[in-house]
Amino acid sequence: MTSIYLLQVEPFQRSCSMSELRVRFAPSPTGYLHVGGARTALFNWLLAKNKGGTFILRIEDTDVERSTKESVDAILEGMKWLGLDWDEGPVYQSDSFPLYKEYVQKLLDAGKAYKCYCTSEELDAKRNLAMQEGRKPKYDGTCRDRGDHPDGQPYVVRFRAPQGGVTAFDDLIKGVITFPNEELDDLIIQRTDGTPTYNFCVVIDDATMRITTVIRGDDHVNNTPRQIQLYEALGFPVPQFAHVPMILGSDKARLSKRHGATSVIAYRDMGFLPEALLNYLVRLGWSNGDDEIFSRDEMIQKFDIHNVGRSASVFNTEKLLWLNAHYIKNGDPERLAGLLLPHLSSREVTTLGGPDLMAVVKTLQERAQTLVEMADRAVFYYNAPDSYDDAALAKFDKEQVLAVFEVVTEKLSSAPIDAVVVVDALFKEICTEKGWKMGQVGQPVRIALSGGTQAPGIGEIVVTLGIKETLKRISSAREYVTAK
RNA sequence: GUCCCCUUCGUCUAGCCCGGCCCAGGACACCGCCCUUUCACGGCGGCGACACCGGUUCAAAUCCGGUAGGGGACGCCA
């Protein structure tokens, strides 16, 4: 007798309006939150926000060996930094062991699961043999119909999977996916030591938490049919599934450390803004026409799981940088100043007694792609140059440079300096009066004030630095050039 | 090996479901020009793709079949 496990999937909208949407992000705490996980979390979060549903954070720590508290903290830190707030949880799977046991027993009692006394050595041997002979390495069913129950002998519990037919589901992202049941073997749901296994816990949790839509990485596609069989054996309603494609490195291999940073927190430390990472991540695999920039609210409003692409995408730092630059350029200077502070301290720069940091930020917003770059460019405001770009200075005649310093000092001292336009006007005046070119005047002064040539506009620097400090720096540069 | 999935510019993608508006649009990157006192910002322009082969059709990126390539899964990991 063959059975067809083809789910009739209702139109998405409809099923959501009937019962409240509940989604979850379920990382295993064996490392930090990486960008792939963050994107999965983001899609869950967006769908929940978009539909007014509930977003649950669940920590899958059934692997006691590899799970750590540090990882849990790191994941929470990443989530918080990105602003992906959850409505319920974090729920720890390790708290539900009794519950899993209960359901294992139910299945056992119903004859839908059985005890298997095969040792892992035996299974490994069979698996290797099957692989070698080119067969699918599935469990051969040795204990499936075993009648005896040897006392005191260790055993695992296996799910008695349907033998014939197919198991299929309509993935929200990938469409209908069908698996022949003969591909699926009797999976272990409880280990020799009595602990439950992943595929079983996931089903119990998702069912008892009343998850309506499971959004996860597409490396779980192959787990889905066995989970569906479990749902049905347990009499639980089967949720909808949405498998999001993976993120790849530039060589199109699964993104990993060797491609560069993968940790969300690492991006924070490299000077990225959370809204930039979020915007980048949401556009990786998802789109809304030709739109590129999405505020938090816009992405919530426009997000539609059906618009998520089916294929994997390559992580591209250049585009992330562009977005980051965009958000820095348009960001609130006060907030940016606050975010910049730690980067300044790590450079041993103190803003005390120096120019107002907010004013400094304003002169740098169009010139920095990251907060790290901004910090680098901000240093000169607080630490007067201890050396000058000689190569740049060499482009000008020594006497000419000294003359410029003299005239500029004179001009700047003669009038109240309170705005960028005032300074700019003064410099233009000098040029017309002396018949100099702007480049001849501006560049030496820029070097005098910042030490180099890559800096904000002269007017911006002068006003931000203050007239007193400006004159002091020009005077120092004057001495330096004279002594040369 | 078996099963599952994927395939539009270098990269992210629009278009594909409901063939003609597509000799394929946008964005990042790259190149050039303009703006400009440096560095940037900005503006304008350029480069550049429907994996391949068949079929259906008056017409295919869009539908069908096959091929190739890539990825994933096959654990008493999650």
Side-chain angles (χ1 to χ4, degrees), chain A residues 26-30 60-63 65-67 93 116 118-120 123-124 127 130-138 154-158 171 174-175 177-180 182-185 187-193 195-199 201-202 217-225 243 245-246 248 250 252-254 280 283-293 306-307 309-323 325 329 364-369 377 389 392 424 427-428 431 437-447 450 452-459:
Chain A
S28 56
T30 54
E60 310 219 316
D61 58 348
T62 47
D63 184 352
E65 299 285 300
R66 297 197 301 151
S67 301
Q93 279 190 324
C116 168
C118 298
T119 66
S120 40
L123 294 172
D124 283 347
R127 188 161 30 241
M131 283 283 220
Q132 267 174 24
E133 292 178 351
R135 300 193 329 265
K136 176 107 180 164
K138 54 180 278 194
Y155 63 86
V156 297
V157 177
R158 283 183 186 273
D171 193 278
K174 305 212 176 222
I177 301 177
T178 308
F179 289 84
E182 50 186 304
E183 286 300 320
L184 282 8
D185 60 0
L187 86 156
I188 293 171
I189 58 177
Q190 187 178 87
R191 302 184 184 96
T192 309
D193 66 2
T195 58
T197 58
Y198 168 75
N199 277 111
C201 298
V202 168
D218 73 357
D219 47 336
H220 286 288
V221 166
N222 293 271
N223 287 329
T224 308
H243 288 97
M246 305 194 317
L248 311 176
S250 48
K252 306 238 177 172
R254 188 186 202 135
Y280 179 71
R283 276 286 291 108
L284 205 55
W286 175 80
S287 61
N288 183 260
D290 287 338
D291 297 350
E292 293 289 350
I293 306 295
H306 294 101
N307 290 140
R310 286 175 291 273
S311 54
S313 31
V314 174
F315 192 88
N316 181 219
T317 313
E318 301 292 334
K319 188 148 185 181
L320 207 207
L321 275 170
W322 173 73
L323 280 163
K329 205 188 315 161
L364 263 16
Q365 279 181 282
E366 290 189 342
R367 297 176 164 82
Q369 287 193 296
R377 285 171 170 263
D389 185 340
D424 288 346
F427 272 74
K428 282 199 180 99
C431 286
K437 289 237 162 90
M438 192 54 104
Q440 286 179 285
V441 185
Q443 202 66 332
V445 174
R446 174 171 292 104
I447 295 167
S450 72
T453 57
Q454 298 189 13
I458 293 289

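Keep in mind that the numbers below use all heavy atoms, side chains included, and drop hydrogens, waters and symmetry copies. Numbers restart at 1 for each chain; the letters A, B, ... are given by sequence-line order, proteins then strands.
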Using purine N1 to pyrimidine N3 plus N6-O4 or O6-N4 for Watson-Crick, or N1-O2 and O6-N3 for G-U wobble, both under 3.5 Å, which nucleotide pairs with B:rC74?
-> B:rG1
Any strand, both distances under 3.5 Å, Watson-Crick or G-U wobble: B:rC30 pairs with B:rG46
Just how far is it from atom CD of A:Q443 to atom OG1 of A:T453, taken to the nearest 0.5 Å?
-> 5.5 Å
Taken to the nearest whole Å, CZ/A:R310 to P/B:rG15 is 10 Å
For B:rC9, what is the paired nucleotide under Watson-Crick or G-U wobble rules, both distances under 3.5 Å?
-> none
For side chain to side chain donor-acceptor pair (under 3.5 Å), just list the numbers for A:R446 and A:S450, CA-CA rounded to whole Å, side-chain angles, deciding distance to a tenth of an Å, and then say yes or no.
-> CA-CA 6 Å; A:R446 174 171 292 104; A:S450 72; 5.9 Å; no
Rounded to the nearest 0.5 Å, the CG atom of A:L187 sits from the CG atom of A:N223 at a distance of 9.0 Å
Can you name the residues that form a side chain to side chain donor-acceptor pair (under 3.5 Å) with A:K138, not counting sequence neighbours?
-> none
Once you round it to whole Å, what is the distance between P of B:rC12 and CG of A:N307?
-> 18 Å
Whether each nucleotide of nucleotides 62-78 of chain B has a protein heavy atom under 4.0 Å at its base (B), only at its sugar-phosphate (S) or at neither (-) is summarised, 5' to 3', as ---------SBSBSBBB
Measuring from A:Q93:CD to A:Y198:OH, what's the distance to the nearest 0.5 Å?
-> 8.0 Å
Between A:P196 and A:T62, which heavy-atom pair has the shortest distance, and what is it?
-> O-CB, 4.5 Å
Does B:rU36 have a Watson-Crick or wobble partner in any strand here, with both distances under 3.5 angstrom, and which is it?
-> none
Separation of atom NE2 in A:H243 from atom P in B:rC6, rounded to whole Å | 13 Å
A:R310 CZ: over 12 foreign heavy atoms closer than 6.0 Å | no
Within the distance-only criterion (no hydrogens, no angle test), does the side chain of A:T30 pair as donor or acceptor with the backbone N or O of A:S67 below 3.5 angstrom?
-> no
Any donor and acceptor pair, going by atom type alone, linking the side chain of A:N288 with main-chain N or O of A:D291 inside 3.5 Å?
-> no
Rounded to the nearest angstrom, tell me the gap between atom CG in A:L321 and atom P in B:rU11.
-> 18 Å
Quick one, give me the B/S/- string for nucleotides 21-39 of chain B, reading 5' to 3', where B means a protein heavy atom under 4.0 Å from the base and S means that only happens at the primed atoms, P, OP1 or OP2.
-> ----BBBSS-------BBB
With a 3.5 angstrom cut-off on both distances, give the Watson-Crick or G-U wobble partner of B:rC16, or none if there isn't one.
-> none
